[in-house]
Amino acid sequence: MLSLQVIRENRQEVIDRLKIKQVDATEFVDRIIRLDDIRRESQQEMDALNAQSNALAKEIGILFQSGKGDEAKGLKEQTVELKSRSKEAEASMEKAVKEMEEVMVLLPNLPHPSVPPGTSADDNEIVFEEGIIPELHGEAVPHWDLVQQYRIIDFALGNKITGAGFPVYQGKGARLQRALINFFLDQALEDGYAEIQPPYMINAASGFGTGQLPDKDGQMYYVPEDDLYLIPTAEVPVTNLYRDVILKPSDLPVRHVAYSACFRREAGSYGKDVRGLNRLHQFDKVEIVQITSPENSYPTLEEMRKYVTGLLRKLGLPFRIVKLCGGDISFTSAMTYDFEVFSAAQKRWLEVSSVSNFEAFQANRMKLRIKDESGKMIPAHTLNGSALALPRILAAILENYQTPGGIRIPDVLIPYTGFDLIS
RNA sequence: GGAGAGAUGGCCGAGUGGUCGAAGGCGCACGCCUGGAAAGUGUGUAACCGCCAAAAGUGGUUCAUGGGUUCGAAUCCCAUUCUCUCCGCCA
C-alpha cells in the first residue's frame, strides 16, 4: 500500500498518477486524509489524558510507599475520571485508524511516470523484439496434438485424477520439465541468486503482504480447515521471508531464486486461451525475487529484464518484451515488463514472464524496511520476475522445434535431459 | 489426536504489582590500547504514533494477541494464537 506520508504530502500527484491506472482515487484519498486528521486529533487528546493519569499514578505510588496511602484517595478518583475520557478518545482513534486502513488497501500502487497510458493489453508498448520465427514443415501441429502424438503429456489423465488444468507429464515430457527447472535454477545460481525452497501454502498475513489479499483471494485455492492458501507463485512465500524485517544496507541487494509449483483457480478464464498448456491450474515456475534500496530498484528492474532476456536467447525462442500500460499493469506494480514467446504452430505470442518493480508497495504492507547508515528508516523496494514459467515455454519449444522426425531439444537443455530428440 | 511446558529487546536470558523500555551477557557501532590485528577496556545501541518548520527535545504506545482486575500490570485473572517436549500416528 501507499504510505500515509506519500498520500498526505502529494495528494494531487497521487490522484493524477492513479488516473493512468484508470482509477479515480479522489474520493479515497480525501477520505484517508480526513480520517487521519480525526486520528491525530483523538490521539493528541488521548496522549494528554494518559500523561496526566500516569503522573497521578506515580504520585499515588510515592504516597503508598511512604505509608501515606490514605492521602491518595482523592487522586485515585481523578485517575478514574481521566481513564474513562482516555478510553473514549482511544475508541475514536481506533475507529478512524481502522476505517483509514480499509480504504488504504483499496488504493493501487502508483505507476512509474514512464508507464504509458492505456486501457487494455492493446495499448501495451512493445519495447523489444528478437529472434526468428521458425518456418514449420507442412504437417506441423500445435503442442496439444504433439503431446498426444509423442505421449509426453496426458490431459485426460489429469482430468481423471483431479480435473481440467492439471496435466500429467510423462516419460520424456516429465524429464524435459525437470530439465527446464534445473536449467533455470542453475542459470540463476550462476548469476548470484541464492536458492530457496519455500512452503507451497501460505497464511493470510503472507497473502496480504505481497498484495494477493484481500483483493485477489478468489484466485487462490483456499483450505478452510487450516485457514491456508496454496501459493499462486513463489513470490508470495519468498518475499514474505522478509516480512517484519529491518535490513542493513550491507544486506542489500537481497537476491533469491525459487522453484515452486504454482496454483491458480483462474476463475472466469474460458475459451481458446485455456487450450493445452496455455493456462493451467497447477504449473511449475522458477521465480527471482530482489529487495533493494529505493535508488537501486529501477536499475535492478533493468538488470532482471536483461537476465530473463538471456534465458530466452539461450533457449532459442523468438520473443518480445512488452511494457505494460496503465490499464493492464497489476494493482501492486509500479512498472512491469512482460516477456512473450512466439509459439509457431498456434501462431500466438504467449506470456512467459512478468518482471515487476513494486517499489515500496509490498514493503509497506509487510513492514519491510532498511535502516541506513545514519540510523534512519527508509522503505525497501521489492521486485520479482518469472525466470521462467514452464508450461508456455514448453509449448513454444515443442511447437517451434518440431520436425518431421520428432521434436528437437534446444542445445542448452541436452545436458539436462540426456536426450536430444523426442520421437 | 492425548499430556505437559513456554512465548520478554537483533540474539540469549533475568525479572511475581509501583521511577521497568526492562538487569546481565552476546552481537553491533564508535573510541582507547596496538606497528597492525586479536585480547583487553570505555561509551553507546528498540520500534511505532503524536507535538515541533526541522534537529534538539518532549508526550503516548509496545514484554505473543485480545479482554479483565487495579490509582498503577512484563508481573495477577480469562480467552485466543503460536512454539517446544513426551506419547500416538506417519513420508
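All heavy atoms count here, side chains included; hydrogens, waters and symmetry mates do not. The chains referred to below are lettered A, B, ... by the order of the sequence lines, with proteins before strands, and numbering in each begins at 1.
- Remark: rC82(B) base-pairs with rG6(B). Criterion, Watson-Crick or G-U wobble with two distances under 3.5 Å.
- Distance noted for atom P between rU69(B) and rC12(B): 34 Å (whole Å).
- Across the protein-nucleic acid pair, Arg369(A) atom CZ and rG10(B) atom P stand 10 Å apart, rounded to whole Å.
- A heavy-atom distance below 4.5 Å is found between the side chains of Gln346(A) and Asn278(A).
- For the P atom pair drawn from rG60(B) and rC20(B), the interatomic distance equals 15 Å after rounding to whole Å.
- Judged by distance alone, with hydrogens and angles left aside, the side-chain atoms of Asp372(A) form a donor-acceptor pair with the main-chain N or O of Lys376(A) at under 3.5 Å.
- Note on Lys371(A): only backbone sugar-phosphate atoms sit closer than 4.0 angstrom, heavy atoms only; bases stay farther off.
- In the set rG18(B), rG60(B), rU70(B), the nucleotide with an atom closest to the side chain of Lys83(A) is rU70(B).
- Between Asp226(A) atom CG and rC82(B) atom P there is a gap of 10 Å when expressed in whole angstrom units.
- As rounded to whole Å, 11 Å separates atom P of rG10(B) from atom CG of Asp244(A).
- Contact annotation for Gln43(A): base contact, defined as any heavy-atom pair under 4.0 Å involving a base atom.
- Using a distance-only test at 3.5 Å, with no hydrogens or angles considered, a donor-acceptor pair links the side chain of Asn364(A) to the main chain of Met1(A).
- Contacts of Lys248(A) with the nucleic acid, taken as non-hydrogen atoms under 4.0 Å apart, are absent.
- Taking the six-membered ring wherever Trp is involved, the centroid distance between the rings of Phe361(A) and His381(A) does not fall below 6.0 Å.
- Taking atom CD of residue Glu101(A) and atom C1' of nucleotide rC48(B), one finds them 13 Å apart after rounding to whole Å.
- The nucleotide whose nearest atom lies closest to any side-chain atom of Ile246(A) is, among rA47(B), rC71(B), rG68(B), rA47(B).
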